[in-house]
Amino acid sequence: MKMNFPRNTYLELANTSGKSPEFIENTLNYADNLIQHNLPVIFSLKHFSQIIGVNFHELLNIIENRGFYYSYYLIKKRKGGYRRIIAPYKNIRYLQDWIKINILDKVKVHSSATGFTKGKSILDNARPHLDSEVILNIDLENFFESITEKRVYGIFKWLGYHKNLAIEFAKICTVKMPEEKFDNLNDISQEYFFDYYLLKEAVLVQGAPTSPSLSNIICIKLDNRFNKLANKRGIYYSRYADDITFSGNKDSLPSYNLVKKIIESENLKINWKKVGRYKKGQKQMVTGLLINENIRVPKKFKKEILRHLFFCEKYGASSHFNRIAPDKSFRKEWLIGKVLYINSIEPELAKSMFERVKKINWEI
């Protein structure tokens, strides 16, 4: 969506409204800076409400009570336990979608960032590390939730937006859980949300469409530092969201202490449970893909899909899923989604799977 700033109309209105030459010069400089970076010109929150077609008082209400405009719930993990989900309601999500598409998607992130980046995928993330002597995998802890409202404010200010507007944009993109929402959770949910509820400042959350882009922008400096380090040592570096990978000669890879020092200096933390160093001959994986000799989907994943296909063919999809996963909805879409994932990495294998999916009786 391209928005042109009506410069002549603005000048005419500013002059007839009796604005001072200094005011006009300052506002035009502000606008020119945003235009130069291909960003929409927005002077204030009121101006923003007019651009997006949302009543100003409604917009204020959403921002001031943002914690109440999210759902807080758990979903079961495949390996046991639960994952907490914080999902924005459609009215605040509309604001986030607008900011993502019209502002954040215009910001160029580091070339080493392959997650949430248009035209890049986990395959692009894995490719530089193919058939390496040693790979070093590092995972960032509570990636989104470690990025605070204050840091998000800094991004919008850095992009050139007025301080007051940057504050409001940061509020739209972050959230802190209200006491009332926490009290309404059941005991199990409260256990999983307790550390999040105790946070003193609003943070990015996984469910907001703006979070991935903002996290990549926050990590521009980190990616730049690690990329320079990798180039200096003749090794490879890439990052897919919270997954960091180095690969190359075993003597050239950075030490855990050096990686830790750089990550913590960027106000991020390492999840030590997901740190690993793997030599050639061991199972080397990057963002869920095997990279020994060639890039492929792990055998276990493929076997699971082939198993579903076999039993769907033998007993019919309805009978099969009712027996092994009665609660699973959108069963056909779920299975096709898994095959599409395989297709993005191993298209030849996926071709035969698609043929089998077509022949299944999907009367569910």
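Just so you know, these numbers use all the heavy atoms, side chains as well, and skip hydrogens, waters and symmetry mates. The shown structure was predicted, so the numbers you read here are calculated from the model rather than taken from an experiment.
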Item to complete: Could you tell me whether the side chain of N102 and the main chain of W98 form a donor-acceptor pair under 3.5 Å?
Response: yes

Worksheet entry | Stepwise side chain to side chain contact (heavy atoms under 4.5 Å, CB included) test for D139 and I244 | CA-CA 6 Å; D139 189 80; I244 286 171; over 6 Å; no

Worksheet item: Taking ILVMFWY side chains as joined if any heavy atoms are under 4.5 angstrom apart, and letting links pass through other members, which residues group with L13?
Response: none

Discussion item. Can you give me the closest heavy-atom contact between P88 and I92, atom names plus distance?
Written reply: CB-CG2, 3.5 Å

Fill in: Side-chain touch L349/V297, heavy atoms, less than 4.5 angstrom
no

Worksheet item: Between D195 and R84, is there a salt bridge with N-O shorter than 4.0 Å?
Response: yes

Response to the item:
What one should report as the nearest heavy-atom pair of Y89 and S71 is CE2-OG, 3.1 Å

Worksheet entry | Residues which pass salt bridge (Lys or Arg N to Asp or Glu O under 4.0 Å) with R233, listed by chain and number, not counting sequence neighbours | none

Fill in: Hydrophobic cluster of I75, others only, ordered by chain and residue number, side-chain cut-off 4.5 Å
Y73, I85

Worksheet item: Should we count CD of Q206 as having more than 12 external heavy atoms under 6.0 Å?
Response: no

Worksheet item: Does the side chain of N29 pick up a donor-acceptor pair with the side chain of N33 at under 3.5 Å?
Response: no

Worksheet entry | Atom pair CZ (R323) and OG (S318), whose distance is rounded to the nearest 0.5 Å | 12.0 Å

Worksheet entry | Partners meeting side chain to side chain contact (heavy atoms under 4.5 Å, CB included) with K221 (sequence neighbours left out) | R225, E266

Worksheet item: Is the number of heavy atoms from other residues, nucleotides or ligands under 6.0 Å of E201 CD greater than 12?
Response: yes

Worksheet entry | Other residues, nucleotides, ligands: >12 heavy atoms within 6.0 Å of F144 CZ | yes

Discussion item. As an exercise, state the distance from SG of C219 to CG of L140, rounded to the nearest 0.5 Å.
Written reply: 6.5 Å

Practice prompt. Please check if I63 and Y70 belong to a single hydrophobic cluster, counting links between Ile, Leu, Val, Met, Phe, Trp and Tyr side chain heavy atoms closer than 4.5 Å.
Written response: yes

Discussion item. Looking only at the side chains, is there a donor atom on one of N227 and S112 sitting less than 3.5 Å from an acceptor on the other?
Written reply: yes

Fill in: Partner residues of K163 under the salt bridge (Lys or Arg N to Asp or Glu O under 4.0 Å) criterion, sequence neighbours left out
none

Item to complete: Decide whether N216 and S213 meet the rule of one side-chain donor and one side-chain acceptor closer than 3.5 Å.
Response: no

Listing, residues 169-180 side-chain donor-acceptor contacts under 3.5 Å, not counting sequence neighbours, or none:
from: T174; atom 1: OG1; to: R66; atom 2: NH1; distance (Å): 3.0
from: T174; atom 1: OG1; to: A170; atom 2: O; distance (Å): 2.7
from: K176; atom 1: NZ; to: L199; atom 2: O; distance (Å): 3.1

Fill in: Residue pair D131 / I291, side-chain heavy-atom distance below 4.5 Å
no

Discussion item. Run the side chain to side chain contact (heavy atoms under 4.5 Å, CB included) test against A230 and tell me which residues pass, sequence neighbours left out.
Written reply: I235, Y237

Worksheet item: Just wondering, do I188 and L74 contact through their side chains at under 4.5 Å, heavy atoms?
Response: yes

Worksheet item: Are any side-chain N or O atoms of S44 and backbone N or O atoms of H47, one a donor and one an acceptor, separated by less than 3.5 Å?
Response: yes

Practice prompt. Please list, chain by chain and in numerical order, all residues satisfying salt bridge (Lys or Arg N to Asp or Glu O under 4.0 Å) with K260, sequence neighbours excluded.
Written response: E264

Worksheet item: Mind checking what makes side chain to side chain contact (heavy atoms under 4.5 Å, CB included) contact with D32, not counting sequence neighbours?
Response: R7, I35

Discussion item. Between N55 and E58 (side chain of the first, backbone of the second, donor and acceptor by atom type, cut-off under 3.5 Å), is there such a pair?
Written reply: yes

Worksheet item: Can you get from L222 to V109 by hopping between Ile, Leu, Val, Met, Phe, Trp and Tyr side chains that sit under 4.5 Å apart?
Response: yes

Worksheet item: Which class fits the ring pair Y197 and F182: parallel under 30°, tilted 30 to 60°, perpendicular over 60°?
Response: parallel

Worksheet item: With under 30° as parallel and over 60° as perpendicular, where do the rings of W334 and F321 fit, or are they tilted in between?
Response: perpendicular

Worksheet item: Without hydrogens or angle criteria, can the side chains of N186 and S189 be said to hold a donor-acceptor pair below 3.5 Å?
Response: yes

Worksheet item: Just by modelled atom types, is the A14 backbone N or O under 3.5 Å from a matching donor or acceptor in the S17 side chain?
Response: no

Item to complete: Provide the closest heavy-atom pair for A31 versus F5 in the form atom of the first, atom of the second, distance.
Response: CB-CE2, 3.8 Å

Item to complete: Give a yes or no on whether F194 atom CZ has more than 12 heavy-atom contacts from other residues, nucleotides or ligands under 6.0 Å away.
Response: no

Worksheet item: Under a 4.5 Å side-chain heavy-atom rule over Ile, Leu, Val, Met, Phe, Trp and Tyr, are Y196 and Y192 clustered together?
Response: yes

Item to complete: Over all heavy atoms of both residues, which pair between Q96 and T210 is shortest? Give the atoms and the distance, please.
Response: O-CG2, 3.1 Å

Practice prompt. Answer yes or no: is there a side-chain heavy-atom contact under 4.5 Å between F48 and F56?
Written response: no

Worksheet item: Taking NZ, NE, NH1 and NH2 as the nitrogens, is one of them in D243 or R239 under 4.0 Å from a carboxylate oxygen of the other?
Response: no

Discussion item. Before we go on, tell me: are the rings of F43 and Y10 under 6.0 Å apart, centre to centre?
Written reply: yes

Practice prompt. Keeping the roles fixed (side chain from T117, backbone from G115), state whether a donor-acceptor pair exists under 3.5 Å.
Written response: yes

Table please: side-chain donor-acceptor pairs of residues 303-317 below 3.5 Å, with sequence neighbours left out.
from: E304; atom 1: OE1; to: R78; atom 2: NH1; distance (Å): 3.4
from: H308; atom 1: ND1; to: H320; atom 2: NE2; distance (Å): 2.8
from: E313; atom 1: OE1; to: R356; atom 2: NH2; distance (Å): 2.9
from: E313; atom 1: OE2; to: R356; atom 2: NE; distance (Å): 2.8

Worksheet item: According to a 4.5 Å side-chain heavy-atom criterion applied to Ile, Leu, Val, Met, Phe, Trp and Tyr, with indirect links allowed, do V205 and F116 form part of one hydrophobic cluster?
Response: yes

Worksheet item: Which value, rounded to the nearest 0.5 Å, describes the distance between N271 atom CG and I138 atom CD1?
Response: 10.5 Å

Practice prompt. Any pair with a residue in residues 335-348 that passes side-chain hydrogen bond (donor to acceptor under 3.5 Å, both in side chains), sequence neighbours left out, goes on the list, sorted by first then second residue, please.
Written response: K302-E346

Worksheet item: Quick check: are there more than 12 heavy atoms from other residues, nucleotides or ligands sitting under 6.0 Å from CG of L198?
Response: yes

Worksheet, complete the sentence: For S132 and G248, the nearest pair of non-hydrogen atoms, with its separation, is CB-N, 4.2 Å

Worksheet item: Hey, what do you get for CG (L28) to CG (L11), rounding to the nearest 0.5 Å?
Response: 5.0 Å

Discussion item. Tell me if a side-chain donor or acceptor on H37 pairs with a main-chain N or O of L39 at a distance below 3.5 Å.
Written reply: no

Fill in: Heavy-atom closest pair, residues I345 and R296
CG2-CA, 3.9 Å

Worksheet entry | Atom NZ of K19 with >12 non-hydrogen neighbours under 6.0 angstrom | no

Fill in: Test side chain to side chain contact (heavy atoms under 4.5 Å, CB included) applied to F246 and N137, step by step
CA-CA 7 Å; F246 289 96; N137 289 333; over 6 Å; no

Worksheet item: Any chain of hydrophobic side-chain contacts (each under 4.5 Å) joining I135 to M285?
Response: no

Worksheet item: Within the side chain of N184, is there an N or O that forms a donor-acceptor pair under 3.5 Å with the backbone of K181?
Response: no

Worksheet entry | OH (Y256) with more than 12 external heavy atoms under 6.0 Å | yes

Discussion item. Check K100 with D97, please: is the shortest side-chain N to carboxylate O separation under 4.0 Å?
Written reply: no

Discussion item. By the side-chain hydrogen bond (donor to acceptor under 3.5 Å, both in side chains) test, which pairs, at least two apart or in different chains, include something from residues 273-287?
Written reply: N125-T287

